[in-house]
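A quick write-up on the structure given underneath.
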Amino acid sequence: MNIIVTGGAGFIGGNFCHYMTNKYPEDNILCIDKLTYAGNMETLEPIMDKPNFRFFKADIADRNAIYKIFEEEKPDIVVNFAAESHVDRSISDPEIFLRTNIIGTSVMLDACRKYGIKRYHQVSTDEVYGDLPLDRTDLFFTEETPIHTSSPYSASKASADLLVQAYARTYKMPCTISRCSNNYGPYHFPEKLIPLIIANALNDKEIPVYGKGENVRDWLYVEDHCIAIDKIIRDGKEGEVYNIGGHNEKTNLEVVKTVLSLLDKSEDLIHYVTDRPGHDMRYAIDPTKIHNDLGWLPATPFKEGIRKTIDWYLNHREWWENIISGEYQNYYDKMYGNRG
Ligand code: NAD
Ligand code: DAU
């Protein structure tokens with residue numbers, strides 16, 4: 001089978017390309033990535049020479065480029081990870097989120113419609129459901145929870161989901177959608193909370209904690225997300241949405257303190273800064289459907305996953321030091337410089 005993976009030079013798409021090329025030597029994994037600030041060829045370096053992997057530098061919103069790839073490669077399955085993914089950046093500059101996440105998705109869907117595919121899978125997020133209150137720990141996001149977005153990022157991802165559902169119904173396209181909670185693991189770009197804590201702590205830099213650090217996220221080890229998507233594209237039912245989550249809720253402060261303790265660093269590094277505007281309080285996924293229908297459950301406990309993640313960052317300093325020494329530094333100064 002020919003499987004197109006968009007956004008494969010990013011965090012989760014990169015982990016997915018590693019997972020799929022290793023697990024299915026008989027399938028061809030065709031990665032499309034624009035290589036934005038978040039795309040990194042070093043993430044793909046370990047699989048670049050594999051006979052079942054190829055890389056195409058292209059923008060998913062560039063219709064001609066995408067159609068050309070489809071015409072030449074005749075994909076059977078498309079998994080769309082490519083997106084602008086950072087909430088803070090969407091608050092400062094929403095437009096590119098609309099172009100990539102909405103227009104880009106529509107171009108991918110049109111290409112699938114024009115050339116025909118067996119399955120289009122949209123990698124979505126639990127953020128499309130908005131947030132849950134901190135004092136209602138009995139509430140979880142199910143696939144029936146109404147869409148109720150907070151940030152330009154989540155609004156753009158929800159728009160993409162609606163387009164996928166419209167194409168599935170109107171054009172009878174074989175589509176599935178997954179909505180996952182926060183991932184962590186190797187190759188995570190250091191603008192996001194967990195790799196930012198690790199990189200700053202290793203450099204004895206302050207850890208910026210938004211607000212009081214009480215917000216809750218449901219952390220899932222990235223490989224478990226890859227396994228879930230693999231199950232959905234093979235055995236998931238067309239037209240269905242699947243929630244993916246770790247049953248692993250933690251406040252941001254708990255996460256920061258855990259990482260500091262594992263790195264043997266002082267909690268004095270914690271620095272409370274002005275909150276993110278519109279900051280979602282709590283995400284919590286109910287993964288009953290994917291468990292019952294596809295037999296998926298998260299396999300990596302947080303204790304083990306966070307240890308593995310920290311070890312990876314310790315053993316791959318060059319990967320993240322190259323990032324934080326470049327253009328990223330300007331972003332960091334702009335985002336955190338006057339935040340106080
Ligand atoms: P990321 O920012 O690390 O990677 C995104 C990748 O997409 C990069 O390689 C980038 O170069 C590429 N890209 C961006 N715009 C593109 C375009 N126009 N054309 C082609 N490629 C483009 O993101 P991530 O954290 O790996 O997230 C991947 C997907 O998973 C996203 O769709 C995101 O919404 C979703 N998701 C992420 C999480 C999470 O915790 N990180 C959780 C749930 C869902
Ligand atoms: O839930 C899935 C989503 O998880 C994905 O759709 C997004 O692409 C992904 O980026 C992630 O979004 P979050 O906003 O939850 O992740 P982030 O790592 O940016 O922040 C996690 C929490 O930590 C959030 O409550 C904000 C807080 N935070 C973040 C940063 C970067 C801080 O307190 N300080 C920081 O410096």
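Counting starts at 1 for both ligands and their atoms, following the listed order.
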>> Taking 4.0 angstrom as the limit and counting only heavy atoms of K157, give me the atoms of ligand 1 inside it, by number and element.
In response: 31 (C), 32 (O), 33 (C), 34 (O)
> Does an N or O anywhere in D59 fall below 3.5 Å from an N or O of ligand 1?
Replying inline: yes
> Is any N or O atom of N182, backbone or side chain, closer than 3.5 Å to an N or O atom of ligand 1?
Replying inline: no
>> Below the 3.5 angstrom mark, is there an N/O of D280, backbone or side chain, next to an N/O of ligand 2?
In response: no
> Would you call E249 and R217 a salt bridge, using N to O less than 4.0 angstrom?
Replying inline: no
>> Under 4.0 Å, counting heavy atoms only: does A58 come that close to any atom of ligand 1?
In response: yes
> Polar-atom distance check: S181 versus ligand 2, any N or O pair below 3.5 Å?
Replying inline: no
>> Within ligand 2, which atoms have a heavy atom of D126 less than 4.0 Å away?
In response: 1 (O), 2 (C)
> So is there a nitrogen or oxygen of D88 less than 3.5 Å from a nitrogen or oxygen in ligand 2?
Replying inline: no
> If we only count N/O pairs under 3.5 Å, is T100 in contact with ligand 1?
Replying inline: yes
>> I'd like to check whether E191 has a polar contact with ligand 2, where a contact means an N/O of the residue lying under 3.5 Å from an N/O of the ligand.
In response: no
> Any N or O of N215 that comes nearer than 3.5 Å to an N or O of ligand 2?
Replying inline: no
> Against heavy atoms of Y336, which atoms of ligand 2 measure under 4.0 Å?
Replying inline: 30 (C), 31 (C), 35 (C), 36 (O)
>> So if I count the atoms of ligand 1 from 1 in the order they appear, which ones are less than 4.0 Å from some heavy atom of F81?
In response: 28 (C), 29 (C), 31 (C), 32 (O)
> Of all the heavy atoms in V123, does at least one lie under 4.0 Å from an atom in ligand 1?
Replying inline: yes
>> List ligand 2 atoms under 4.0 Å from K192, heavy atoms only on the residue side.
In response: 10 (O), 18 (O)
> Is ligand 2 less than 4.0 angstrom away from at least one heavy atom of M335?
Replying inline: no
> Between C180 and ligand 2, is there a nitrogen or oxygen pair with a distance under 3.5 Å?
Replying inline: no
>> Is there a polar contact, in the sense of an N or O pair closer than 3.5 Å, between W219 and ligand 2?
In response: no
>> Are any of the N/O atoms on Y283, whether in the backbone or the side chain, positioned under 3.5 angstrom from an N/O atom of ligand 2?
In response: no
> Is L193 in polar range of ligand 2, meaning some N or O pair under 3.5 Å apart?
Replying inline: yes
